[in-house]
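First up is the structure itself, then whatever we jot down about it.
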Amino acid sequence: MPVVSIDQVASHVGKEITLRGWLYNLRESGKLIFPQFRDGTGVIQGVVSRTENPDAFQALSGLPQESSLEVTGLVRADARAPGGYEMQVTAVTIIQKITEPYPIQLKEHGVDFLLENRHLWIRTPRQAAILRIRDEAIFAAREYMHKQGYVLTDSPIFTPSSCEGTTNLFEVDYMDDRKAYLTQSGQLYVEATAAALGKVYCFGPAFRAERSKTRRHLTEFWMLEPEAAFARMDDMMALAEGLITHIIQSAVEHCPKELDTLKRDVKLLETVRPPFPRISYDEAIEILHKHGNPTPWGEDFGGDEETILSSEHGRPVIVHHFPSAIKAFYMQPDPQRPELALGFDILAPEGYGEIVGGGERISSYELLMERLRQNDLPEEPFRWYLDLRRFGSVPHSGFGLGLERTVAWITGAEHIREVIPFPRTIYRIYP
RNA sequence: UGGGGCGUGGUCCAAUUGGUAGGACGCUGCACUGUUAAUGCAGACGGUGGAGGUUCGAAUCCUCCCGCCCCAGCCA
């Protein structure tokens, strides 16, 4: 008997197949029972009649949710079945019968309980759909970068110092009484590989000990960070635009079932096409003032400001030319207006916040030294980074794309913790 | 790091503001040949986050502690 996954049953109508998986739910109705099976690719309803198949009926009758099993039966199209297909079960092999109540019910649960049982929560259709979309997003992102000629050069996770200041770093014991820090960004290292290979990117986890407790923050999140020699800010805005569009459209194209499971309004994603609106920081301040938001020039934007700026467009919005004072030390100043940095942020629609931050990096040795001193950063750990400005320095630019915020936006997730298999937040490191 | 909020059976919630802590789900059993988080009936188990205090009496009021949630800041 061929073993078929549930997402393939449509092409096996009228045939007898075997499914391997778990009992998702069981509805009993007298001499008929309707077990629902799941195998990770989907859920299908079975039908078993006591009179026609007493052995299978007895095996499934009263079987607790999430017991593991192998079932064989005839696939039929039936409008009465959820999903349109069902299996008329002929044979059942129980692999493990659960002997205690399964913790996750098909009812409502609180956030704390679900996170405490994250290892089981991910078995539910909604969570499984989110994780599949996450996979699609990662695949699409790497595919796009590869096709654009970018080489994956991953940055180290242990680092000797910080990228953007010494606070918010996780310190760990290294060898022989030395200290190391978990990376908060791979950017500095891709600047080095960009000088070696031209167009590069890294993709991996970043760690921030920020005591943030919002729905947009994790202490461990994944970031994709391109860096290109000779690229300017405009090049990076175009790359980010193309990358985001490709990720979104790949998800729309390849994950319709998952988006449907999540009841996501796909129209809000289909409209995501280039070009994205580009707003300078100066213009953004004007827009905010028109909307009665009093943010003075020189201040950074918060959630409210981001929502105002992104609300008018069905696409992400690019804000560029921020004041240098509110951006990282390595940002190249605008030659026309040195008080501005050649940096940009991309704000996702629907309040999902900043998903990209990037810009052009300082290429001058002298200016970089000056900025290190201004920010009270030690010179020694940055010696290698300064070398990049001593040996064939060129203009170069890059950005960081936050994977979880992007996936949260695609899936319409209420909280970013739903879009990573095992979220790490300020108060939770279990399971 | 500030501001606000919440902790009641395994889970999700109630308790008329200080007066006998209940219900639903889940679990067990029975009934039911088209269920859609099935339904109906019956049954069993089981709880006020912790420590003090006020009071004749505390889930309820006070103090401290613990856990969690939301918002802001910071950022992706």
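Chain letters run A, B, ... following the sequence lines, proteins first, then strands; residues in each count from 1.
- Using a 4.0 Å cut-off between charged nitrogen and carboxylate oxygen, A:D282 and A:R337 count as a salt-bridge pair.
- Taking 4.5 Å as the limit, every side-chain heavy atom of A:I416 sits out of range of all side-chain heavy atoms of A:F221.
- The stretch residues 120-154 of chain A has no heavy atom under 4.0 angstrom from RNA chain B at all.
- Neither OP1 nor OP2 of B:C69 sits under 4.0 Å from any side-chain N or O of A:H415.
- Here B:A58 sits opposite no nucleotide as a Watson-Crick or G-U wobble pair (both hydrogen-bonding atom distances under 3.5 Å).
- Map A:G302 and A:R405 each onto its nearest nucleotide of RNA chain B; the residue landing nearer the 5' end is A:G302.
- The phosphate of B:C69 has neither OP1 nor OP2 within less than 4.0 Å of any side-chain N or O from A:R215.
- Although no hydrogens or angles enter the test, the distance criterion places no donor-acceptor pair under 3.5 Å between the side chain of A:N375 and the main chain of A:L377.
- For A:R211 and B:U1, the shortest distance from a side-chain N or O to OP1 or OP2 is below 4.0 Å.
- Distance A:D300 CG to B:C74 C1': 9 Å, rounded to the nearest Å.
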If the sugar-phosphate is the primed atoms plus P, OP1 and OP2 and the base is the rest, what is the B/S/- string for nucleotides 23-34 of chain B, using protein heavy atoms under 4.0 Å?
--BS-----BBB
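- A close approach under 4.0 Å does not occur between any side-chain nitrogen or oxygen of A:R216 and OP1 or OP2 of B:C70.
- Regarding A:E225, its CD atom lies at a distance of 9 Å from the P atom of B:A76, rounded to whole Å.
- The residue A:Y427 sits close only to the backbone: its heavy atoms come under 4.0 Å of sugar-phosphate atoms, none of a base.
- Taking the ring centroids of A:F382 and A:F329, they lie under the 6.0 Å cut-off.
- Between the side chain of A:T219 and the backbone N or O of A:R424, at least one donor-acceptor pair lies under 3.5 Å.
- We find that NZ of A:K213 is positioned 14 Å from P of B:G5, with the value rounded to whole Å.
- B:C75 atom P lies 13 Å from atom CD of A:E305, rounded to whole Å.
- Relative orientation of the A:F170 and A:F207 rings is perpendicular, given thresholds of 30° and 60° on the angle between their planes.
- Distance from the side chain of A:E354 is smallest for B:A76 among the nucleotides B:C69, B:A76, B:C68.
- Electrostatic pairing of A:E418 and A:R215 does not count as a salt bridge here, judged by no charged N lying under 4.0 Å from a carboxylate O.
- Residue side chain A:S212 reaches the base of B:G73 through a donor-acceptor N/O pair under 3.5 Å, judged by distance alone.
- The phosphate of B:C69 (OP1 or OP2) has a side-chain N or O of A:R417 nearer than 4.0 angstrom.
- Taking the six-membered ring where tryptophan is involved, the planes of A:W297 and A:Y281 are perpendicular, since the angle between them exceeds 60° and thus also 30°.
- In this structure, A:W121 has its ring center no closer than 6.0 Å to that of A:F113.
- A:T214 comes within 4.0 angstrom of a nucleotide base, judged by non-hydrogen atoms across all strands.
- Across all strands shown, A:L401 has no heavy atoms under 4.0 Å from either base or sugar-phosphate atoms.
- Judged by centroid separation below 5.5 Å and plane tilt below 30°, A:H109 does not stack onto the base of B:U11.
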